[in-house]
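Step one of this worksheet: look at the structure below.
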Amino acid sequence: MAKQYTKELIKEEFLKMLETQPFKDITIGKLAQRCEINRNTFYYHYEDIYMLVREILQDELDKLDQEFHANSSWEESLIHALSFILEKKRVAQNMFKSMDKEEVDHYLHRICHGVMKKYVDQECELKGIRAQEGDRALIVAFYQAALAGLLIQWMEEGMEASYEAIIFRTGKLFDGNIERSLRISQELGKTDPLPKN
């Protein structure tokens with residue numbers, strides 16, 4: 001119990017520090033002092049600050065599995081999954097600046113994949129659509145790539161525009177396309193040939 005309390009305290013204080021200072025200025029010594037623990041206690045829980053960052057981001061991914069609402073639209077689900085980034089933009093920017101771009105992109109793709117996979121599965125179940133597994137995966141991958149691309153572009157542009165507005169507008173523009181694609185998959189046979197180049 002004490003171990004979990006200490007880990008949560010370290011995470012909480014680290015995030016508070018990121019609200020007011022750049023990642024490069026946060027040292028384990030400063031963080032330990034703020035938590036009123038010694039450096040060895042920090043190292044008992046984390047190898048370094050980068051491991052702490054990865055655990056915070058993994059916590060956010062875990063929430064996606066626990067908090068997905070079956071009756072939500074994919075837009076609402078994605079906004080909910082990104083609430084950490086959207087509500088704490090400065091913190092997110094500071095954290096992501098500390099990470100390799102490839103690792104950040106991978107994390108954002110995982111969020112988008114998680115949301116779209118759950119949504120596509122939900123659409124098939126609720127509407128009785130028997131889309132083929134390979135087609136479902138293809139639809140998920142298509143929307144994952146598009147949404148992660150929009151997210152990465154938004155972050156690179158400084159996170160000033162409303163990401164919520166971008167997502168809901170995208171939803172309006174492509175309304176019904178996911179269900180339509182799933183129904184087409186159901187109608188296509190497994191043996192329908194792919195077009196030749």
Side-chain angles (χ1 to χ4, degrees), residues 1-68 75-118 143-170:
M1 191 67 153
K3 180 179 177 182
Q4 192 57 39
Y5 169 80
T6 305
K7 286 189 85 168
E8 292 306 315
L9 175 66
I10 291 169
K11 289 179 197 173
E12 186 181 311
E13 292 303 322
F14 175 66
L15 292 174
K16 284 180 185 173
M17 291 175 82
L18 280 175
E19 287 175 4
T20 59
Q21 51 194 296
F23 179 89
K24 65 180 177 57
D25 292 346
I26 299 174
T27 64
I28 291 170
K30 286 180 186 176
L31 179 56
Q33 185 178 19
R34 187 167 170 136
C35 295
E36 297 181 358
I37 59 174
N38 62 45
R39 290 169 59 94
N40 287 341
T41 302
F42 176 90
Y43 285 118
Y44 175 73
H45 298 288
Y46 300 102
E47 190 176 297
D48 55 27
I49 287 189
Y50 298 99
M51 184 179 175
L52 170 60
V53 168
R54 287 186 193 96
E55 185 170 304
I56 290 169
L57 295 178
Q58 185 58 51
D59 290 347
E60 292 302 311
L61 286 171
D62 293 343
K63 278 188 204 171
L64 173 59
D65 287 332
Q66 298 160 9
E67 298 176 2
F68 184 82
E75 300 95 326
E76 292 166 329
S77 298
L78 184 59
I79 295 300
H80 182 72
L82 294 169
S83 59
F84 171 76
I85 294 171
L86 298 173
E87 292 166 11
K88 300 180 184 231
K89 289 180 185 176
R90 184 175 172 84
V91 171
Q93 283 176 321
N94 278 333
M95 280 178 68
F96 291 145
K97 282 178 187 171
S98 72
M99 299 167 65
D100 180 67
K101 183 178 179 347
E102 191 174 308
E103 193 173 2
V104 173
D105 290 356
H106 178 68
Y107 170 73
L108 299 175
H109 274 273
R110 283 180 66 194
I111 291 175
C112 294
H113 179 272
V115 168
M116 294 315 300
K117 171 87 169 73
K118 286 178 180 297
Y143 280 91
Q144 168 197 336
L147 294 171
L150 282 174
L151 181 55
I152 291 163
Q153 181 181 351
W154 173 73
M155 293 179 80
E156 287 173 350
E157 291 172 353
M159 303 168 117
E160 290 179 16
S162 166
Y163 189 72
E164 294 92 331
I166 293 168
I167 288 305
F168 284 112
R169 185 72 176 187
T170 302

Exercise. Between Asn94 and Gln21, is there a donor-acceptor pair closer than 3.5 Å when you use the side chain of the first and the backbone of the second?
Worked result: yes

Heavy-atom side-chain proximity of [X] to [Y] below 4.5 angstrom:
| X | Y | result |
| --- | --- | --- |
| Tyr50 | Arg54 | yes |
| Met95 | Phe84 | yes |
| Phe96 | Leu57 | yes |
| Asp48 | Phe42 | no |
| Asp100 | Val104 | no |
| Met51 | His45 | no |
| Ile85 | Tyr163 | no |

Exercise. In this structure, are over 12 heavy atoms from other groups packed under 6.0 Å from Lys88 atom NZ?
Worked result: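 12 or below, so no.
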
Exercise. Got more than 12 heavy atoms from elsewhere within 6.0 Å of NZ, Lys11?
Worked result: yes

Seminar exercise, completed: Here the pair of heavy atoms bringing Ser162 nearest to Ala165 is OG-N, 3.0 Å

Exercise. For Thr41, which residues count as a side chain to side chain donor-acceptor pair (under 3.5 Å) partner, sequence neighbours excluded?
Worked result: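 Asn38.
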
Let me confirm one number: the [atom1]-[atom2] distance from [X] to [Y], rounded to the nearest 0.5 Å.
| X | Y | atom1 | atom2 | answer |
| --- | --- | --- | --- | --- |
| Ile26 | Met17 | CD1 | CE | 5.0 Å |
| Glu160 | Lys89 | CD | NZ | 8.5 Å |
| Ser83 | Glu60 | OG | CD | 6.0 Å |
| Leu82 | Glu87 | CG | CD | 10.5 Å |
| Lys7 | Cys35 | NZ | SG | 13.5 Å |
| Ile10 | Leu15 | CD1 | CG | 12.0 Å |

For this session: Let me see the working for Ile111 and Leu78 under side chain to side chain contact (heavy atoms under 4.5 Å, CB included), right down to the final yes or no.
Result: CA-CA 8 Å; Ile111 291 175; Leu78 184 59; 4.2 Å; yes

Problem set entry | Residue pairs passing the salt bridge (charged side-chain N to carboxylate O under 4.0 Å, His left out) test where at least one lies in residues 29-39, sequence neighbours excluded | Glu13-Arg34

Using a 3.5 Å cut-off and no angle test, enumerate the donor-acceptor pairs between side-chain atoms of residues 145-159 and protein atoms at least two apart in sequence or in another chain.
residue: Gln153; atom: NE2; partner: Glu157; partner atom: OE2; Å: 3.1
residue: Trp154; atom: NE1; partner: Ala161; partner atom: O; Å: 2.8
residue: Glu156; atom: OE2; partner: Lys101; partner atom: NZ; Å: 3.4

For this session: Apply side chain to side chain contact (heavy atoms under 4.5 Å, CB included) to the pair Ile49 and Phe23, showing each step before the final yes or no.
Result: CA-CA 10 Å; Ile49 287 189; Phe23 179 89; 3.4 Å; yes

